[in-house]
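Here is the structure we will look at, set down as structure tokens.
A note on names: the letters A, B, ... follow the listed sequences, proteins ahead of strands, and every chain is numbered from 1.
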Amino acid sequence: MEERERKSVKSDSKETETAPCSSSASAPEQPKTDGKTGDDDALKTDICSDKFDPLLALYSPTAPPLPFPNIKCFNNVAEYESFLKGGRGRAKPENVEKKRRKAMKGVADPERIERLKNLMVKKPESEEGESSSGTTQRRRKKRPQKNVLTRMPLCKGSPLGELYRCVEERIRVKVHIRTFKGLRGVCSGFVVAFDKFWNMAMVDVDETYREPLFGEAFYHEKALTISRLFEKLNLQEGSGGDEPVKKQEAKEKSSKHQPADAKTTPKSCSAQPTSVKGDSRTAESKLPQEVKTTQGKQKVSMKAQGPQTYGKVHTRHINQLFIRGENVVLVNPQPL
Amino acid sequence: MVFSSIRERTIAENSMVVLLQGLQGEVTTVDLRNESTARGRVVSVDAFMNIRLADVLYQDRRGQLTRLQDLFVTGRNVRYVHIPDHVDIMKTIQNQLSKIHRVRNFASEGGGRKEFPKKTK
């Protein structure tokens, strides 16, 4: 159809070009061929005939019959030229297909629907009546769900993965809790769940902690922070009256195998000089005074004796505790 | 359990805040960062761990008790939350997660909210 169009149009243009010559030639011819005007007219207005007269066709009252119904009409030669060169909208086969598809875009193509249905995987319906409105949605839902519980095992290979191991194997851990500056205390228990912020849900928690110091005591405590912090973090052992001795013991031995020294500490505490706040020794006496027995790793806390009313050490048992991760200093899994 | 935004829901879903949200309605003790404690019924917990408590007994670090009708604690100021003994941690978390899952799927499934539920439902 297209080829024929081109040919017909070409012949049209050819004849328009030759029109000036032919019209002048036909004019003198007309009076001669009066008898055949009827036929001639028909022939002259017939585009496909040899005797086509374009002027006649243009000025005739009726439009010349078009040989083909969907013929392409141009207003001038330039238009025709650009059409030939394949300008915008030229009816190439691929363009035609594209235009058709675009026109049919919104319309549901039954063939396409059938194709997609064949690709659908049959799945049992969930409680929400999860009928998909298309296979593409189904594919998106297949992505594994990520929530706090699924993220726990994902941490393997990182420190949090180690924590997950403690969850799985139900290893008792010691969580060091911080105060605004320094250590507050230790929570010993089993981790049930955690997240990336180190928020932890724990059970069977024994918390040993010390009230924070204020003012002068705090100021002076600061001066000794390094060694005291070191001591606390490693041993959580109070250095009661026998400070130098205790300290030495603490530094030498590991945290788990401290010999019980319950008897000596209360004595030494009472023997301590009291009331002088700025005294470094009194400050140190307020260290958490826990003594571990070798058997059950139970901590027994001793309150600082004497008139000191601050910096006391406390122990309590909490069955289920949630710790905000911000307050966690470190987590120490306890080897079995 | 109403989230203000999808962002909040996602934050909650991927953190332990869901456990605290499961405690809504329970009476718990919240230990604050400033060594004070607040014991009361949990009204709501948002994704940032901001806790709203009702009918609260607030004990400051000196031990002074105060009764409050309503208390709002900023998430950052929370140190501990005591979980009641009768609460099962894992179950609570799973319940909360399934609630979130349902809500999320509800929105995406029907191509938005529909006036009438689907027949399959």
Heavy-atom contact with chain A under 4.5 Å, split by part of [X]:
{"X": "B:L23", "result": "neither"}
{"X": "B:V18", "result": "side chain"}
{"X": "B:R61", "result": "side chain"}

Among the listed options A:E326, A:E207, A:M200, the residue most often paired with chain B at heavy-atom distances under 4.5 Å: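 Option with the top pair count is A:E326.
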
Options A:I177, A:V205, A:V328, A:V203, ranked by heavy-atom pairs under 4.5 Å with chain B, top entry: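 Of the candidates given, the most pairs with chain B belong to A:I177.
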
Any A:F197 side-chain heavy atom under 4.5 Å of B:M49 side chain: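 Contact flag for A:F197/B:M49 side chains = no.
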
Heavy-atom side-chain contact between A:T179 and B:E35 under 4.5 Å: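 They are in contact (side-chain heavy atoms under 4.5 Å apart), so the answer is yes.
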
How long is the gap from [atom1] on [X] to [atom2] on [Y], to the nearest 0.5 Å?
{"X": "A:L321", "Y": "B:H82", "atom1": "CG", "atom2": "NE2", "value": "5.5 Å"}
{"X": "B:E13", "Y": "A:K146", "atom1": "CD", "atom2": "NZ", "value": "11.0 Å"}
{"X": "A:R178", "Y": "B:R33", "atom1": "CZ", "atom2": "CZ", "value": "8.0 Å"}
{"X": "A:R324", "Y": "B:L20", "atom1": "CZ", "atom2": "CG", "value": "9.5 Å"}
{"X": "A:F322", "Y": "B:L19", "atom1": "CZ", "atom2": "CG", "value": "6.5 Å"}

Got more than 12 heavy atoms from elsewhere within 6.0 Å of [atom1], [X]?
{"X": "A:R316", "atom1": "CZ", "value": "yes"}
{"X": "A:K156", "atom1": "NZ", "value": "yes"}
{"X": "B:L65", "atom1": "CG", "value": "yes"}

Residue, of B:A12, B:P84, B:S15, that accumulates the most heavy atom pairs under 4.5 Å with chain A: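 Going by pairs under 4.5 Å, I would pick B:S15.
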
Stepwise salt bridge (Lys or Arg N to Asp or Glu O under 4.0 Å) check, A:R184 with B:D31: CA-CA 13 Å; A:R184 184 180 119 100; B:D31 288 10; 5.1 Å; no

Per-residue contact mode, A:N327 against chain B (heavy atom under 4.5 angstrom):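 Looking at A:N327, just its side chain touches chain B.
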
Contacting moiety of A:I318, where chain B heavy atoms sit under 4.5 Å: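 Just the side chain, heavy atoms under 4.5 Å.
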
Residue pair B:N14, A:R151: steps toward the side-chain hydrogen bond (donor to acceptor under 3.5 Å, both in side chains) verdict: CA-CA 8 Å; B:N14 289 321; A:R151 281 183 197 272; 3.0 Å; yes

